[in-house]
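A short worksheet on the structure shown next.
Order of the sequence lines fixes the chain letters, A, B, ..., with proteins taken first and strands second; residue numbering starts at 1 for each chain.
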Amino acid sequence: MKRVLAILVEDRPGVLTRVSGLFSRRGYNIQNIAVGRTIEPGISRMTVTVDADRVTVEQIVKQLNKLVNVLKVSDLTEESSVGRELMLIKVKAEPEKRGDIQQLVATFRAKIIDVSPDSMIVEVTGDENKLQAFMLMMQEFGIKEIAATGNVALLRGGRTTREARN
Amino acid sequence: MRLNGAQMVLRCLEAEGVEVVFGYPGGAVLTLYDEIYKKGLRHILTRHEQGAAHAADGYARASGKTGVVIATSGPGATNLVTGIANAYMDSIPLVAITGQVARPGIGTDAFQEADITGITLPITKHNYLVTKLEELPRIFKEAFHIAGTGRKGPVLIDLPKDVQIEEGDFAYPQRVELSTYRPVYEGHAGQISRAATAIRKAKKPVIYSGGGVVSSGASAELLEFSKYTGIPVTTTLTGLGSIPSAYTYYLGMPGMHGTYAANHALSNADLIIAVGARFDDRVTGKVDAFAVHAQVIHIDIDPAEIGKNVAAAIPIVGDVKLVLQELLKKAKPPEIEEWQNQVLAWKKERPLRFHQPPGGPVKPQFVISELYRLTGGDAIVTTDVGQHQMWAAQYYPLEKPRTFISSGGLGTMGFGFPAAIGAQVAFPGRTVLCIAGDGSFQMNSQELATAVCHKLPVKVAIINNQYLGMVRQWQEFFYGGRYAHSCLAGSPDFVKLAEAYGAAGMRASTVEEVPRVIAAALETEGPVVMDFHVDPQENVLPMVAPNTSIVEMIGGDAL
Ligand SMILES: Cc1ncc(C[n+]2csc(CCOP(=O)(O)OP(=O)(O)O)c2C)c(N)n1
Ligand SMILES: [Mg+2]
């Protein structure tokens, strides 16, 4: 099963290697990973999506907690959370197809952020399912390239990750 | 006060109470060595950095203090790797200091540059590259704190050459401020109560204890707990010595070369109280078949060990010493007379046994028994890895913790002799006995020079079977007797080798010579190498084939 871990880490050189190295060394598979800042200076947030059962994820969380630069690990799957990915899609767009593309872009609440004579770049955010569906639609026109961020997620409600139960 | 980086290191070591360091100099630590020279810090120069790392490890295991090892950049640092991994696997507190090329050179493939923090990432508890001089004192403070607290382990500090030379203000921090590192020492009271209840209700309980008991200094508590509750105890290789071998309800070691009583007790138990042990595959055998009737109480300072290999019904995270103290207050002796009798019957009917034919080839187990008899059981024993290690574990009874020093988790051949040197440095007045294999000894025999130079009277007993015996045994059992490259023909004359270094060498090839050689060695002042020519065909029994149930013991019935 797919599980999403939020990991708060000290922003030190090599932290990313320590975390990702732990996953590979112990045979856990990272599906995607997103790293970014937090509101606390010196603290970064990593959101890691893994495919693992509950017992394995418990073990991953315990091992991560042993890393000296890790502040807090939370399995967001265990609680109600929202997750989003951002994807940029460079799609073939001959002038006669642009109207169709624009319509789909509107339906998916995506955005056209660049246009050239025979292609466009579309920006879309959403959960994995939505991006999957949108990509499928764009494939009809011909996708030239994509760039995606990986999933970022927060708990629903007022509690922060630091206040999460697990 | 203005100090250079190297001077700061010396001040940090002083502040941490470091009395001795093990190491080997080179270009990237010249400034540091200059300060060691000026300050007169005791330094044991080994003949190989691996030897230095194992010696620091042996020092730590014998004394309970944190061992310190120093090496230069590049090859010096990479030569430490096995030693660091070895300490990591057995949770031994070690601080490794490596030189690094000067900061501007880092990342340029400079002469003798190696990314040692990258290399040791998975085999250290934590590691540091010092990039700013002002961070040096804090890093040393943290390193010693991390190495020696919680689940102990090695920490590496990589120190660029120009940081050692640069000058700055020095103040050693009083406290560590590590919001991300907070080991839990006190066990959860509710969990301890639940454990006490489970213990009271148990019909067939067993205590399964490991290296964590030694590390936390909980031997007395463990024995008291077992005596009070009457629950029998089995200890892993790294836990040997934490319970006196002579104790009535001590069952010996479990697992692959464990005793019949220990393996059957675990397999028939309805409750296993795991204390500072980690259900290693050498203990459990086939995990699915391990202790299928048992509920598990797992006490460990490392939460990640609990539930890793075997599910725990009652997890207790904490220092085993503190948890055992609390558990003692709450526990009541269960009614287990029948079980006790059963276990004692196993112990009596199926003891470890060997037969030494009077005129026949010398049996390795006989040599170990004689070593025990003639040292009065009072030595600190270190071992290498192989058959001789298992025989030492089986036939050298122990009374106290920190008297049996062996590479458990990593199983590092060549560990025993340098570890003995480290133990002897910690306890100059005690008998330190290294039970070595003829293969293993050759992996670090160069340290004879270290023992001789530093007047460390280590007694090495080579169990010379002219084979990589443990490999040969597996080939005999599982590979149709095809002895692929396990014969050690061509090994040196160990007596002459010892003498070449200025140590004493002695040989025993007959049963009569064995006690004579041991007695002579123990009377000799300096380091001695005893070369015992033993039966090359002897196997370690009983044996559980890998990934089978631990009650399927080869040679278990014959015993
Ligand atoms: C560094 C290292 N290399 C290889 C091994 C694999 N190995 C385990 S036991 C053994 C044989 C050890 O031979 P020896 O030291 O003579 O001991 P014996 O088994 O004969 O008592 C070997 C090669 C190891 N444990 N460590
Ligand atoms: Mg041998």
Side-chain angles (χ1 to χ4, degrees), chain A residues 3 5-28 30 35 38-46 48 50 52-75 78 160-166, chain B residues 85 88 91 103 106-107 115-132 135 138-139 141-143 145-147 149-158 176-184 278-279 298 300-312 315 317:
Chain A
R3 288 185 170 259
L5 301 179
I7 309 167
L8 300 179
V9 299
E10 288 179 317
D11 195 2
R12 295 263 171 89
V15 175
L16 186 58
T17 320
R18 286 179 199 277
V19 171
S20 61
L22 190 145
F23 278 85
S24 59
R25 167 162 91 252
R26 293 198 181 261
Y28 314 134
I30 297 184
V35 188
T38 65
I39 49 169
E40 295 171 74
I43 309 288
S44 300
R45 181 187 185 93
M46 302 172 67
V48 179
V50 287
D53 58 32
R54 202 181 49 82
V55 178
T56 308
V57 168
E58 257 179 47
Q59 181 61 209
I60 296 176
V61 170
K62 286 175 177 175
Q63 294 293 352
L64 284 169
N65 272 318
K66 290 206 301 186
L67 295 178
V68 170
N69 299 130
V70 169
L71 275 159
K72 166 93 188 179
V73 187
S74 182
D75 181 357
E78 289 289 294
T160 64
T161 303
R162 272 192 189 262
E163 295 156 355
R165 277 187 293 271
N166 60 79
Chain B
Y88 183 70
S91 309
R103 283 166 291 182
I106 292 178
D115 173 16
I116 198 63
T117 49
I119 290 168
T120 59
L121 211 65
I123 53 164
T124 48
K125 193 170 166 187
H126 195 52
N127 64 24
Y128 297 90
L129 169 64
V130 185
T131 52
K132 295 191 192 92
E135 290 180 346
R138 173 186 60 81
I139 286 173
K141 182 80 188 172
E142 286 182 9
H145 179 69
I146 292 169
T149 58
R151 179 177 181 173
K152 293 164 189 166
V155 177
L156 179 135
I157 304 171
D158 201 18
V176 272
E177 319 255 346
L178 275 169
S179 56
T180 52
Y181 175 79
R182 298 256 167 85
V184 172
R278 59 186 178 87
F279 295 95
H298 198 164
D300 204 289
I301 196 149
D302 179 1
E305 281 308 335
I306 299 177
K308 186 180 79 176
N309 296 336
V310 168
V317 177

Report every donor-acceptor pair between chain A and chain B with a separation under 3.5 Å, backbone and side chains included.
{"from": "A/R18", "atom 1": "NH1", "to": "B/N127", "atom 2": "OD1", "distance (Å)": "3.4"}
{"from": "A/R18", "atom 1": "NH2", "to": "B/N127", "atom 2": "O", "distance (Å)": "3.0"}
{"from": "A/R18", "atom 1": "NH2", "to": "B/N127", "atom 2": "OD1", "distance (Å)": "2.9"}
{"from": "A/Q59", "atom 1": "NE2", "to": "B/A304", "atom 2": "O", "distance (Å)": "3.2"}
{"from": "A/K62", "atom 1": "NZ", "to": "B/P303", "atom 2": "O", "distance (Å)": "3.2"}
{"from": "A/K62", "atom 1": "NZ", "to": "B/I306", "atom 2": "O", "distance (Å)": "2.6"}
{"from": "A/K66", "atom 1": "NZ", "to": "B/D302", "atom 2": "OD2", "distance (Å)": "2.5"}
{"from": "A/V68", "atom 1": "O", "to": "B/T180", "atom 2": "OG1", "distance (Å)": "2.3"}

Heavy-atom distance under 4.5 Å to chain A: side chain of B/L129, backbone, both or neither?
-> neither
Per-residue contact mode, A/V68 against chain B (heavy atom under 4.5 angstrom) | both
